[in-house]
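What follows is one structure encoded as structure tokens, with my remarks underneath.
All heavy atoms count here, side chains included; hydrogens, waters and symmetry mates do not. Note that the coordinates shown come from a computational prediction; the quantities given were computed from them, not determined experimentally.
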Amino acid sequence: MKKQDLVKMSLTELRELHIMVYDVLKLKRSSQSLEIAQQLNVGQIVEVINSTRLSGRKCTVTKINRKKVKLQVEGMGVWNVPMTMIKIK
């Protein structure tokens, strides 16, 4: 679908499309979090991606919540990070 096609759509159609896209994104993020959570263990060393403050630091998993992970970050204390930002080493 191109931008020209979107311009031709009515507001109602655009709202419906927005809802469908949002639902698909939510489902994909949820399944991605579930996959990561199944691979994580407390005490495991992980990497944080898409973060300027935490990239390149040693991060140890201290607690695994439903959508976020508590990480002990070397020299920076405990951080609560979304699972979608975790990369398993």
Side-chain angles (χ1 to χ4, degrees):
M1 184 175 282
K2 295 183 179 183
K3 189 174 181 178
Q4 299 165 358
D5 299 330
L6 293 174
V7 172
K8 293 177 185 176
M9 294 174 76
S10 70
L11 285 176
T12 305
E13 292 171 328
L14 287 170
R15 283 188 191 104
E16 290 172 2
L17 179 62
H18 177 265
I19 290 168
M20 288 188 295
V21 169
Y22 178 78
D23 288 343
V24 169
L25 280 171
K26 190 174 171 182
L27 180 65
K28 287 191 176 215
R29 285 183 187 137
S30 177
S31 65
Q32 182 183 18
S33 292
L34 182 60
E35 285 177 24
I36 293 170
Q38 290 173 343
Q39 297 174 15
L40 285 177
N41 296 309
V42 173
Q44 185 175 7
I45 296 175
V46 296
E47 184 180 337
V48 179
I49 56 175
N50 298 331
S51 172
T52 55
R53 297 177 84 186
L54 298 178
S55 62
R57 298 198 182 260
K58 181 181 174 185
C59 304
T60 307
V61 176
T62 58
K63 184 177 180 185
I64 303 167
N65 294 317
R66 196 168 27 143
K67 295 192 181 227
K68 294 188 177 188
V69 179
K70 286 201 177 217
L71 300 176
Q72 177 68 43
V73 182
E74 186 177 44
M76 295 184 72
V78 177
W79 286 64
N80 205 17
V81 179
M83 278 192 209
T84 54
M85 291 179 64
I86 301 292
K87 181 178 179 185
I88 299 170
K89 288 188 175 181

Distance-only donor-acceptor hits, side chain of residues 71-89, under 3.5 Å, sequence neighbours excluded:
residue: Trp79; atom: NE1; partner: Met76; partner atom: O; Å: 3.1

For residues 27-43, which side-chain N or O atoms pair as donor and acceptor with protein atoms under 3.5 Å away, sequence neighbours left out?
residue: Ser31; atom: OG; partner: Leu27; partner atom: O; Å: 3.3
residue: Ser31; atom: OG; partner: Lys28; partner atom: O; Å: 3.0
residue: Ser33; atom: OG; partner: Arg29; partner atom: O; Å: 3.1

Can you check whether Leu11 reaches Arg15 side chain to side chain, under 4.5 Å on heavy atoms? yes
Honestly curious: do Leu14 and Met20 fall in one hydrophobic cluster under the side-chain, below-4.5 Å linking rule? yes
If you apply the rule side-chain contact (heavy atoms from CB on, under 4.5 Å), what do you find for Val69 with Val46, and how did you get there? CA-CA 11 Å; Val69 179; Val46 296; over 6 Å; no
Measuring from Lys8:NZ to Glu13:CD, what's the distance to the nearest 0.5 Å? 12.5 Å
Within one Ile-Leu-Val-Met-Phe-Trp-Tyr cluster: Tyr22 and Met9, side-chain cutoff 4.5 Å: no
Inter-residue atom distance Lys58.NZ - Ile45.CD1, 0.5 Å rounding: 4.5 Å
Would you name the heavy atoms of Arg57 and Arg53 that are closest together and state the gap between them? NE-O, 3.5 Å
